[in-house]
Amino acid sequence: MDSLIDNWTARINDAAGRGGKLAIRGGGSKTFYGGREQGERLDVGAYRGIVAYEPTELVISARAGTPLVELNATLAEKGQWLAFEPPHFAPTATVGGMLASGLSGPRRQAVGAVRDFVLGAKLLNGLGEVLSFGGQVMKNVAGYDVSRLLAGSLGTLGVLLEVSLKVLPLPLAEKSLRFAIDEGTALQKLNQWGGRPLPISASAWHDGILMLRLSGAAAAVAAAERLLAGEGVDAAEAEAYWRSLREQTHAFFAGDAPLWRLSLPSVAPPQGFGATLIEWGGAQRWLRAGDARALRSAAAKAGGHATLFRGDDALKAAVGVFQPLPAPLAQIHRNLKHAFDPQGVFNPGRMYPDF
Amino acid sequence: MSMPTTAERPFTVDRSLLIRRLREVLPAQALLFEEEDLRPYDCDGLTAFRQLPLLVALPEDEVQVQAILRICHELRAPVVARGAATGLSGGATPHPDGVLVALAKLKKIIRVDPVSRTAVVQPGVRNLAVSEAAAPYGLYYAPDPSSQIACTIGGNVAENSGGVHCLKYGLTVHNVLRVRGLSIEGEIVEFGNAALDAPGYDLLALINGSEGLLALITEVTVKLTPKPELAQVVVASFADVRRAGDAVASIIAAGIIPAGLEMMDRRAILAVEPYANAGYDMDAEALLLCESDGTPEEVAEEIGRMTTVLEKSGAAGIRVSQNEAERLRFWAGRKAAFPAVGRLTPDYLCMDGTIPRKHLADMLEAIATLSGKYALRCANVFHAGDGNLHPLIMYDANQPGELERATAFGAEILELSIHFGGTITGEHGVGIEKIDLMAEQFTLAEIGAFHRLKAAFDEHGLLNPGKGVPTLARCREYTLARVGGEQNPTNPMNAPRR
């Protein structure tokens, strides 16, 4: 494994010396996300394997190339899992790609995102240095929290080598419910329920149907089920439904039309813009149409932002993938990029066009 | 622990010019510069170290904070932010050449929104005040550091504070949605937003726990959590610490995430019980507090499972709180641990290492050995659920050599924390207290990366200089001193690391 790092270090130094660029790739499952890949391919999937896993510590450490399916299977054997339900998007998805993309699944609003479960990370930076941040313990405030910063950094700060994650026990019981209600009512209900101590672990509204998932102790799930009085959904059907949202295999996500993701305060009213799929209690809204400028301005006005989650390269180049940053934050971004990758070797343009 | 050396004080601040400039932007009462006025600001919760600032500024709003920063940036004067000064690592210890910006007057709760379950508050708002304001809506702010009556949200963000419920409810970083602040240039910056995430790098994660080195906080949006219908706590006593430590692992292994999981050793129990009358077993060698919360059905189920595990783990006695008053009484003991120990000793140092839970018992045994070696008493309270230790080393600063012995004792505990695969600080921060030990936990390359990260926010190093991250020169000095230092065969740190 060390020889892999030596090899990459040589390639980084070589690229840095001649103004070359490297496109880091793990399993290639999320290449569609972010700006177009540029530069020479640096395949890092071979750096794999679970380094440490002790269920009673609630921590797993794995090399970044470890397939996510392998990690999940290892945890499942001990009745544990990654509670933020990261999407795979392809069987080749890796732990490193999960962290670099920073994407979380249906349970995000209830338990937190990838970044909330990151305890530590090892990184190969643009100077060819192997750096270790955070660790394997639940609480750690020594040094800046670089491990969490790496979540969603899209490989722009370096090559992820190893990640330590907090894991949780699988829920003891689950039950999904269905309600036939319109968008406005669904948002209102979701925010109302969110303010009460109910074990809601996921929610989704689309096309007049609100789906709700309850998770936790059997007694708590049963009590909430009685209280909410929705139509019960068969367990296998529910499982398939939530998986289809996590993996974006649900019919809503099919086709080549651009996919926009609006990250909004859960209380933001319906935004218009046509067909919508709402998740995370109202905080994540998917759209298949809309003018970039109008979407971004509506999202900003509501207190959030809009991402061109899937789209062709021409559209990405024209409107940018991510919401533009205010000038002082953009400057901090460039400075941070420079701090980790002074020669600008890694994943240029994947996050913003200027680095 | 020592303040920056001359080499680390590259600031040549013209005091009278600075006063003149600040007077133009601040009301007269908002600027202190006479020694007797500065004296109350000479330390934070790390009282062992005191330092007068050059000046103290008491801004009343963000506009004044901005004006102060612009002037300090222009004149290259250090800036140290201070909230309630309850921090235990010296993060708010003044800089001798700098302005101490006390944010106590920014204490407005701007908005509590029960529908979006958020509150927008100024940095000087006390932690507990947020929960009090949210209580009418059945909501609260989850992170609950022991100092929550006094400590402020701005400080909580700066230190990424924890509390006794973080295993289940997370740290400050998990409960903050947005931080508005000012860069050292005086530019308004917003990290995070009203949604669950923000575009670009996760600067919100970075600002939490950054100890005032990256930006000055002027407003925070926190997440509010629905108050559980019911909470109950189990108090289990053990005849030896190893069994108590193993019980902690067994609870987690059973798939239980307690709302709180705390441990106290014999010396802590003996200190606390006469002070707080919590009803603890005075014969116990160790005591666990294990809390469950949720719906009444859920709590009954979980308390049943916890009790079974604790019994199997060999608990000598188990008591379950029967009502809210009793639950609060059981917690009152744990929460009073620091003041209770304070009654037994003129001074104490509070350590804050975190280790993997499986080493809890080994750590306690090692601390007992060190207590003998340094001839100083030590009481132990642990956030056992997260492996976060708070050994309280008792000493008397008026006895020659005791502070030095206590400091060396503490350093050995933190070195042991690293040895066991943990960290020197779980929630109190590095500040000045643990700055030298950073060289123990991080390589020179990692420290270098921290400095470059800092420079991305603060090119001239004006925000809280001398805290959090040691200079590379200081790391080298520390490492040299360690290598040449006493080789203690009982200290596993002397075994190769990693």
Side-chain angles (χ1 to χ4, degrees), chain A residues 54-58 79 108-109 112-113 115-116 125 129 131-133 135-145 148-149 151-153 168-169 191 194-197 216-220 223 263-267 280 283 303-305 307 322-323 325 328-329 332-333 335-336 338-340 351, chain B residues 114-117 139 159-160 162 167 171 174 183 187 189 193-202 205-206 208-210 226 228-229 249 252-253 255 257 294-295 297-298 301-302 354 356-358 386-388 421-427 429-430 438 441-442 445-446 449-450 452-453 456-457:
Chain A
E54 285 184 68
T56 58
E57 298 294 328
L58 298 176
R108 191 268 175 258
Q109 200 204 14
R115 57 91 94 166
D116 294 310
N125 72 1
E129 297 169 329
L131 306 174
S132 184
F133 300 104
Q136 286 80 41
V137 289
M138 296 291 145
K139 285 161 105 177
N140 186 352
V141 293
Y144 301 111
D145 202 344
R148 292 188 210 280
L149 175 72
S153 64
L168 285 177
N191 281 293
R196 298 167 62 180
S263 173
L264 304 178
S266 62
V267 291
W280 301 359
H305 61 105
T307 303
F322 300 101
Q323 187 111 359
L325 299 168
L329 286 189
I332 292 173
H333 275 65
N335 294 349
L336 272 177
H338 185 77
F340 285 90
M351 184 183 274
Chain B
V115 186
S116 67
R117 290 94 67 202
L139 303 168
E159 302 293 337
N160 190 14
L167 184 62
L171 311 162
H174 302 111
S183 70
E187 298 242 41
V189 279
N193 56 30
L196 290 179
D197 46 49
Y201 294 132
D202 197 335
L206 201 53
N208 274 279
S210 62
E229 284 177 57
I252 306 291
I257 302 294
T295 63
E297 302 87 352
E298 200 175 4
E301 191 178 308
E302 196 167 77
T354 302
R357 279 175 286 262
K358 63 182 168 190
D386 343 83
N388 185 200
T423 176
I424 55 174
T425 174
E427 57 182 2
V430 174
M438 286 289 282
Q441 188 164 337
F442 293 99
E446 287 153 3
F450 287 145
R452 289 194 301 275
L453 187 155
F457 287 80

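Per chain, numbering begins at 1; letters A, B, ... match sequence-line order.
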So for [X], is it side chain, backbone, both, or neither that comes closer than 4.5 Å to the heavy atoms of chain A?
| X | answer |
| --- | --- |
| B:P228 | backbone |
| B:E187 | side chain |
| B:S210 | both |
| B:L196 | both |
| B:E301 | side chain |
| B:L453 | both |
| B:R117 | side chain |

What heavy-atom pair brings [X] and [Y] nearest, and what distance separates the two atoms?
| X | Y | value |
| --- | --- | --- |
| A:A217 | B:E298 | CB-CG, 3.5 Å |
| A:P328 | B:V189 | CB-CG1, 3.8 Å |
| B:I252 | A:P55 | CG2-O, 4.1 Å |
| A:A223 | B:E297 | CB-OE2, 3.8 Å |
| A:H305 | B:P199 | CG-CD, 3.5 Å |
| B:A449 | A:L131 | CB-CD1, 3.8 Å |

Exercise. Apply side chain to side chain contact (heavy atoms under 4.5 Å, CB included) to B:N388 and A:M138, showing your working.
Key: CA-CA 8 Å; B:N388 185 200; A:M138 296 291 145; over 6 Å; no
Quiz prompt | Steps toward side chain to side chain contact (heavy atoms under 4.5 Å, CB included) verdict (B:R357, A:T56) | solution = CA-CA 8 Å; B:R357 279 175 286 262; A:T56 58; 5.8 Å; no
Quiz item: Is the closest basic N to carboxylate O distance between B:E159 and A:K139 below 4.0 Å?
Solution: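 Salt bridge: no.
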Could you have a look at [options] and say which one has the most heavy-atom pairs with chain B under 4.5 angstrom?
| options | answer |
| --- | --- |
| A:T307, A:L264, A:L168 | A:L264 |
| A:L149, A:N125, A:D145 | A:L149 |
| A:G304, A:G216, A:G194 | A:G194 |

Practice problem: Could you go through the side chain to side chain contact (heavy atoms under 4.5 Å, CB included) check for A:N335 and B:R452 one step at a time? | Solution: CA-CA 9 Å; A:N335 294 349; B:R452 289 194 301 275; over 6 Å; no
Quiz prompt | Donor-acceptor pair, side chain of A:H333 and main chain of B:G200, under 3.5 angstrom | solution = no
Practice problem: Give a yes or no answer on whether the side chain of B:E446 reaches the backbone of A:S132 with a donor-acceptor pair at less than 3.5 Å. | Solution: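 Answer holds: yes.
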Practice problem: Establish, from distance only, whether the side-chain atoms of B:N208 and A:R148 form a donor-acceptor pair under 3.5 Å. | Solution: no
Quick one: which of [options] has the most heavy-atom pairs under 4.5 Å with chain A, could you say?
| options | value |
| --- | --- |
| B:G162, B:A249, B:P114, B:G421 | B:A249 |
| B:G426, B:G255, B:G429 | B:G426 |
| B:S183, B:G294, B:A198, B:G209 | B:A198 |

Quick one: what part of [X] sits under 4.5 Å from any heavy atom of chain B, side chain, backbone, both or neither?
| X | value |
| --- | --- |
| A:Q109 | both |
| A:E57 | both |
| A:R115 | side chain |
| A:A218 | both |
| A:S263 | both |

Exercise. Among B:T423, B:T425, B:T354, B:D386, find the one that has a side-chain hydrogen bond (donor to acceptor under 3.5 Å, both in side chains) with A:N140.
Key: B:T423
Quiz prompt | B:V430/A:V141 under side chain to side chain contact (heavy atoms under 4.5 Å, CB included): CA gap, chis, key distance, verdict | solution = CA-CA 8 Å; B:V430 174; A:V141 293; over 6 Å; no
Quiz prompt | Plane angle bin for A:Y144 and B:F450 - parallel if under 30°, tilted between 30 and 60°, otherwise perpendicular | solution =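 B:F450 vs A:Y144 ring planes: perpendicular.
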